[in-house]
Amino acid sequence: MEGHIISKKVAIIASNGGLFDAYKVFNIATAAAATDQEVAIFFTFEGLNLIHKVANQQLPMPEGKEHFAEGFARANAPSIPELLSMAQEMDVKFIGCQMTMDVMGLEKEAFIDGIEVGGAVTFLEFAKDADVTLTF
């Protein structure tokens, strides 16, 4: 199959909801998507904050790391909502964990547009033949 590029897959689990976690998740996701890899992120527990319409705009900085805020500004780092948009434009698949949403009493409407809601099986379908799997 000359000239046919086989897409690599990157599967990411986002289970933590802090600002640093968000940068790790979305930097890896957008870098992978930019290099023509298929990417899916499974958001569970506190990781759901990263795609929550309100929470993703006020993610906590790790305690004692507040001085990083100045560095993010100086480096002109994109905001988390901006990184979310970039990832979606690059066709990164966002999967919100149905079980966690049920446990926390959250509806799909509380999250950014364009997410899929599914269980672990939905993510595993994607991840079963992933080339890279990461957890943050």
Side-chain angles (χ1 to χ4, degrees):
M1 299 199 26
E2 197 173 312
H4 179 72
I5 298 170
I6 296 171
S7 176
K8 292 194 178 260
K9 291 172 94 173
V10 177
I12 301 171
I13 297 172
S15 60
N16 292 297
L19 185 65
F20 284 12
D21 303 302
Y23 276 107
K24 292 174 203 173
V25 167
F26 296 122
N27 280 334
I28 296 287
T30 54
T35 56
D36 293 326
Q37 297 180 68
E38 194 180 344
V39 184
I41 308 169
F42 185 66
F43 298 90
T44 187
F45 294 98
E46 285 83 16
L48 284 170
N49 287 338
L50 308 188
I51 55 171
H52 190 277
K53 285 179 186 170
V54 176
N56 77 12
Q57 298 182 39
Q58 52 198 23
L59 297 172
M61 184 80 72
E63 203 167 307
K65 303 288 186 194
E66 293 80 7
H67 61 282
F68 276 89
E70 193 179 297
F72 279 115
R74 197 174 45 249
N76 208 14
S79 69
I80 297 309
E82 288 171 326
L83 282 172
L84 274 167
S85 294
M86 285 170 51
Q88 286 186 306
E89 286 168 18
M90 300 169 97
D91 294 325
V92 172
K93 179 191 262 190
F94 292 173
I95 305 166
C97 178
Q98 180 72 65
M99 183 198 76
T100 307
M101 289 168 64
D102 291 347
V103 167
M104 296 178 163
L106 296 168
E107 299 292 330
K108 185 177 181 181
E109 294 70 38
F111 298 93
I112 62 168
D113 292 337
I115 71 161
E116 185 179 324
V117 175
V121 172
T122 304
F123 177 72
L124 289 170
E125 272 303 306
F126 178 88
K128 72 179 189 289
D129 56 356
D131 300 283
V132 177
T133 304
L134 303 165
T135 303
F136 295 102

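Quick note: residue numbers are just sequence positions, from 1.
The minimum heavy-atom distance linking Ser15 with Thr135 is given by the pair OG-CG2, 4.4 Å. Closest approach of Gln37 to Thr35, counting heavy atoms only: NE2-OG1, 2.9 Å. In terms of heavy atoms, Ala14 sits closest to Leu50 at CB-CD1, 4.1 Å. Closest of all the heavy-atom pairs between Ala11 and Ala127 is CB-CB, 3.8 Å. Residues Ala32 and Val10 come closest through the heavy atom pair CB-CG2, 3.8 Å. The two residues Thr30 and Met90 make their nearest non-hydrogen contact at O-CE, 3.4 Å.
Two different hydrophobic clusters hold Phe42 and Phe26 under the rule that ILVMFWY side chains link at heavy-atom gaps under 4.5 Å. Hydrophobic clustering places Val25 together with Val132 (ILVMFWY residues linked when any side-chain heavy atoms are closer than 4.5 Å, directly or through intermediates). Tyr23 and Met61 fall within the same hydrophobic cluster, where Ile, Leu, Val, Met, Phe, Trp and Tyr residues are linked whenever their side-chain heavy atoms come under 4.5 Å apart, directly or through other members. A single hydrophobic cluster is seen to contain both Phe43 and Ile12, as judged by linkage of ILVMFWY side chains at heavy-atom distances under 4.5 Å, directly or through other members. When the side chains of ILVMFWY residues are joined at heavy-atom separations under 4.5 Å, either directly or via intervening members, Phe72 and Ile80 end up in a single hydrophobic cluster.
Within a 6.0 Å radius of CD in Gln58, other residues, nucleotides and ligands contribute more than 12 heavy atoms. Within a 6.0 Å sphere centred on CD of Glu66, other residues, nucleotides and ligands contribute more than 12 heavy atoms. The 12-atom threshold is not exceeded at CZ of Phe45, counting heavy atoms of other residues, nucleotides or ligands nearer than 6.0 Å.
Of the possible polar contacts, one joining the Gln88 side chain to the Asp113 backbone as a donor-acceptor pair under 3.5 Å is found. Under a 3.5 Å cut-off, the side chain of Asn16 and the backbone N or O of Gly47 do not form any donor-acceptor pair. Put simply, the side chain of Lys53 gets close to the backbone of Glu109: a donor and an acceptor are under 3.5 Å apart. Under the 3.5 Å distance criterion, the side-chain polar atoms of Lys9 are matched with a main-chain donor or acceptor of Phe126. Between the side chain of Lys108 and the backbone N or O of Ile115, at least one donor-acceptor pair lies under 3.5 Å.
In this structure, the separation between CG on Leu134 and NZ on Lys24 is 11.5 Å, given to the nearest 0.5 Å. Considering CE of Met101 and OG1 of Thr44, their distance stands at 11.0 Å, rounded to 0.5 Å. Between atom CZ of residue Phe20 and atom CG of residue Leu59 there is a gap of 11.5 Å, rounded to the nearest 0.5 Å. Summarising the geometry, atom NE2 belonging to His52 is positioned 13.0 Å from atom CD belonging to Glu46; distances are rounded to the nearest 0.5 Å. Rounding to the nearest 0.5 Å places CG of Leu84 at 4.5 Å from CD1 of Ile112. From Ile13, atom CD1 reaches atom CZ of Phe136 across 11.0 Å, with rounding to the nearest 0.5 Å.
Note: Phe94 and Phe111 fail the aromatic proximity criterion, with ring centroids not under 6.0 Å apart.
Ile41 has its side chain out of reach of Phe123: every pair of non-hydrogen atoms, C-beta onward, lies at least 4.5 Å apart. Between Leu83 and Asn27 there is a side-chain heavy-atom pair separated by less than 4.5 Å. In this structure, the side chains of Phe68 and Leu19 stay at 4.5 Å or more apart for every pair of heavy atoms.
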